[in-house]
Amino acid sequence: MIGGLVCNDVVEPGLLPGDGQELSHRTREFLWRIFVEIGNCWKNVWWESSNLKSSWLDLVKAKSECPPSYNGEYVNAVYVVQELLDMYGEPYAFYKLFFESGIPSGPPTTRLAHAKRYVVDEFIRMQVLASGFKHFGGKNSNYKGYVKGSRYSLMPEVREFIESAEESKAESE
């Protein structure tokens with residue numbers, strides 16, 4: 001498994017305690033950095049990642065303001081990722097966290113496993129659900145457009161499908 005003493009510290013598999021805590025601005029900004037790095041590592045969703053901040057803030061707010069709070073998990077993720085950054089450096093630390101963590105399957109029993117399961121994986125799911133699925137290669141043969149955008153966006157919510165010449169030729173045959 002990657003990481004050092006912080007990452008490999010053994011903890012209980014349930015949510016880390018966080019009820020009654022508030023997230024600092026610094027912690028929120030560090031978490032945002034993790035979210036954006038997910039897009040950077042896949043090299044094709046950065047624009048989408050950077051435009052999802054309002055939705056992402058809504059997610060973090062919802063998960064941190066009422067019990068059971070993810071605040072303990074969020075603070076833990078900051079410590080884990082900071083240790084990885086100190087050990088491996090900027091781009092490689094995120095790559096190792098996303099692709100080479102070495103976390104065994106089953107309940108999360110280390111700080112690294114908690115950060116990956118409750119924070120990183122949650123952020124990845126949000127990117128895919130919020131609009132990144134197209135950039136991750138998702139497509140549906142029955143529906144040629146996709147739903148996208150923030151609720152604050154001035155762009156249309158559904159992109160209009162414009163059929164290519166090849167597709168119209170294939171359908172007519």
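None of the values given here were measured: they were computed from a predicted structure.
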Original post:
Would you say Y118's side chain and Y74's backbone share a donor-acceptor pair under 3.5 angstrom?
Top reply: no

Subject >> Candidates V81, L23, V75 - the one meeting side chain to side chain contact (heavy atoms under 4.5 Å, CB included) with F30 >> reply: V81

Subject >> Rounded distance (nearest 0.5 Å) linking atom CG of N8 with atom OG1 of T109 >> reply: 10.0 Å

**OP:** Could you grab the distance from atom CD of E37 to atom CG of L85, nearest 0.5 Å is fine?
**Re:** 8.5 Å

Original post:
Which value, rounded to the nearest 0.5 Å, describes the distance between M126 atom CE and F35 atom CZ?
Top reply: 4.5 Å

Original post:
Does CD in E12 sit with more than 12 non-hydrogen atoms of other residues, nucleotides or ligands closer than 6.0 Å?
Top reply: no

Original post:
Are any side-chain N or O atoms of D19 and backbone N or O atoms of P68, one a donor and one an acceptor, separated by less than 3.5 Å?
Top reply: no

**OP:** Evaluate the ring planes of F99 and Y95, with Trp represented by its six-membered ring, and classify them as parallel (under 30°), tilted (30 to 60°) or perpendicular (over 60°).
**Re:** tilted

**OP:** Compare all side-chain heavy atoms of Q21 with those of T27 and state whether any distance is below 4.5 angstrom.
**Re:** no

Original post:
Between R117 and P108, what is the shortest heavy-atom contact and its length?
Top reply: NH1-CD, 3.0 Å

Original post:
If you take all heavy atoms of N71 and S64, which pair is closest and at what distance?
Top reply: OD1-CB, 2.7 Å

Original post:
Just by modelled atom types, is the L5 backbone N or O under 3.5 Å from a matching donor or acceptor in the E83 side chain?
Top reply: yes

**OP:** Identify whether the distance between the nearest side-chain nitrogen and carboxylate oxygen of K63 and E73 falls below 4.0 Å.
**Re:** no

Subject >> V119 versus A77, closest heavy-atom pair with distance >> reply: CG2-CB, 3.8 Å

Original post:
Below 4.5 Å, heavy atoms only, C-beta onward: do I38 and F94 meet side chain to side chain?
Top reply: no

**OP:** Treat each ILVMFWY residue as a node, draw an edge where side-chain heavy atoms are under 4.5 Å apart, and state whether I34 and L16 are in one component.
**Re:** no

**OP:** For the pair R111 (side chain) and V80 (backbone), establish whether a donor and an acceptor sit closer than 3.5 Å, ignoring hydrogens and angles.
**Re:** no

Original post:
Of V6, L97, D9, which is the lone residue that meets side chain to side chain contact (heavy atoms under 4.5 Å, CB included) with L112?
Top reply: L97

Original post:
Are any of the side-chain heavy atoms of L84 and C7 separated by less than 4.5 Å?
Top reply: yes

Original post:
Do you know which two heavy atoms are closest between H114 and P13, and how far apart they sit?
Top reply: CE1-O, 3.6 Å

**OP:** For the pair K53 and E29, find out whether any cationic side-chain nitrogen is under 4.0 Å from an anionic carboxylate oxygen.
**Re:** yes

Original post:
If Ile, Leu, Val, Met, Phe, Trp and Tyr residues are connected whenever their side-chain heavy atoms lie under 4.5 Å apart, and connections chain through other members, are V78 and V11 in the same group?
Top reply: no

Original post:
Is atom CD of E90 surrounded by more than 12 heavy atoms (other residues, nucleotides or ligands) closer than 6.0 Å?
Top reply: yes

**OP:** Considering non-hydrogen atoms only, spot the tightest contact between C41 and F98 and give its length.
**Re:** SG-CD1, 3.3 Å

**OP:** Starting from the C-alpha separation in whole Å, work towards a yes-or-no answer on side-chain contact (heavy atoms from CB on, under 4.5 Å) for Y70 and V60.
**Re:** CA-CA 8 Å; Y70 270 51; V60 170; over 6 Å; no

Original post:
Would you call D121 and R125 a side-chain contact if the rule is heavy atoms closer than 4.5 Å?
Top reply: yes

Subject >> For R28 against W56, the heavy-atom pair lying closest together >> reply: O-CH2, 3.2 Å

Original post:
Quick one: are W32 and L57 in side-chain contact, heavy atoms under 4.5 Å?
Top reply: no

